[in-house]
Protein chains: 2
Amino acid sequence: MAINKKEAFSQEEQALATMAKALAHPARIAILKELAKRNECICGELVDVLPLAQSTVSQHLRELKEAGLIAGTIDGPKSCYCINESAFRKAIDSFSSFFKDIETRQKTAGCCS
Amino acid sequence: MAINKKEAFSQEEQALATMAKALAHPARIAILKELAKRNECICGELVDVLPLAQSTVSQHLRELKEAGLIAGTIDGPKSCYCINESAFRKAIDSFSSFFKDIETRQKTAGCCS
DNA sequence: AAAGTATATCGCAAATATACGATTTAGAAT
DNA sequence: ATTCTAAATCGTATATTTGCGATATACTTT
């Protein structure tokens, strides 16, 4: 019975929800912070920093990559990841305009606040 | 094997991930937009607007309520929901400072961009 | 009191996410 | 060529999410 009804919503709503989902796990938040902190790409150092197994970290990295938030290149036997700035900025813009939209419409207090 | 490792992360990371999760479904994005649009609280009109069954909408509303993003009061036989402005603003601040943090650290281009 | 209306909750099925160990892949070093 | 190292992928177990119909709840209207 759990058919995916997500397609029934607007592109914009779907896109924002997808970005939110990419950020919906503390491990992925931590990964993004760590990547930004080090600036230059790192790889398995994340495994040392995070309280997760190597395979689990790899999985989270793939999710962030699929969402487009990070990019990865193979550097010898290691893998090197970094933040995809343009995609990230687009994500920020989506969130910002959504938040702004909510805030500007919300002029007066609702009946239950 | 899927023990919850979320507690192993910082409070801040967990809180942000929780907020992101609340926004991680297009139905919940749509609900928030609709609530903001109408400003005054509405209830089951959401069921008419959304392509989902009444029980499913109710479930999404509960999730948003648990995340603190909306408030609900019982108004006779109907239920009345609206955006919890202060909580919402706090959420916006969390996202903003996270994004800002990422952006400011990310001065130079990473090795794989 | 009885019937109607609006919501919430329960129970269930299916899909997806989380996590890990084991294995595979691929380049580096001996 | 063999061994080593780093990372991705596979297989699997469990947890959570999504979705719906059916039922329960609670207030209104008749």
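Per chain, numbering begins at 1; letters A, B, ... match sequence-line order.
Straight-line distance from the NE2 atom of A:His25 to the P atom of C:dT16: 18 Å, rounded to whole Å. Regarding A:Ile70, its CD1 atom lies at a distance of 13 Å from the P atom of D:dA7, rounded to whole Å. B:Ile31 places its CD1 atom 13 Å from the C1' atom of D:dT18, with the value rounded to the nearest Å. Here D:dA6 presents its P atom at 14 Å from CG of A:Leu46, a figure rounded to the nearest Å. In this structure, the CG atom of A:Leu50 is 17 Å from the P atom of D:dA6, given to the nearest Å. Residue B:Arg28 contributes atom CZ, which lies 12 Å from atom C1' of D:dG19 at whole-angstrom precision. As a whole-Å value, the separation of A:Leu64 CG from D:dA8 P is 12 Å. Distance B:Glu63 CD to D:dG19 P: 10 Å, rounded to the nearest Å.
By the neighbour-count criterion of 12 heavy atoms within 6.0 Å, atom CD of A:Glu12 is sparsely surrounded, having that number or fewer from other residues, nucleotides or ligands.
Ion pairing between A:Arg89 and A:Asp93 fails under the 4.0 Å rule for side-chain N and carboxylate O. Contact check on A:Lys37 versus A:Glu34 returns a salt bridge, with a Lys/Arg side-chain nitrogen under 4.0 Å from an Asp/Glu carboxylate oxygen.
Of the side-chain N and O atoms in A:His60, none sit less than 4.0 angstrom from OP1 or OP2 of C:dA17. Remark: A:Lys5 is in phosphate contact with D:dC20, judged by side-chain N or O atoms under 4.0 Å from OP1 or OP2. Applying the 4.0 Å criterion to OP1 and OP2 of C:dA17, one finds that B:Asn4 has every side-chain N and O outside that range.
Inter-residue side-chain proximity for B:Arg28 and B:Leu69 is flagged as unmet; no heavy-atom pair is nearer than 4.5 Å. At least one side-chain heavy atom of A:His60 sits under 4.5 Å from a side-chain heavy atom of A:Leu52. Taking the side chain as every heavy atom from C-beta outward, B:Gln54 and B:Ser58 approach each other to under 4.5 Å. You'll find the side chain of A:His25 reaches within 4.5 Å of the side chain of B:Lys6, heavy atoms only. Proximity of B:Phe88 to B:Leu32: side-chain heavy atoms (C-beta onward) are separated by under 4.5 Å at one or more points.
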List every contact pair, protein side and nucleotides 5-9 of chain C side both N or O, where the distance is under 3.5 Å.
residue	atom	partner	partner atom	Å
C:dT7	OP1	B:Gly44	N	3.0
C:dT7	OP2	B:Gly44	N	3.3
C:dT7	O3'	B:Ser79	OG	3.0
C:dA8	OP1	B:Ser79	OG	3.1
C:dA8	OP1	B:Tyr81	OH	2.6
C:dA8	OP2	B:Ser58	OG	2.9
C:dA8	N7	B:Gln54	NE2	2.8
C:dA8	N6	B:Gln54	OE1	3.2

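Across all strands, B:Leu52 comes closer than 4.0 Å only to sugar-phosphate atoms, never to a base (heavy-atom distances).
Residues A:Pro51 and A:Asp75 each lie close to DNA chain C; by heavy-atom proximity, the contact nearer the 5' end of the strand is made by A:Pro51.
In terms of modelled atom types and a separation under 3.5 Å, the side chain of B:Gln14 and the main chain of B:Phe9 share a donor-acceptor contact.
Within residues 10-22 of chain B, no residue places a heavy atom under 4.0 Å from DNA chain C.
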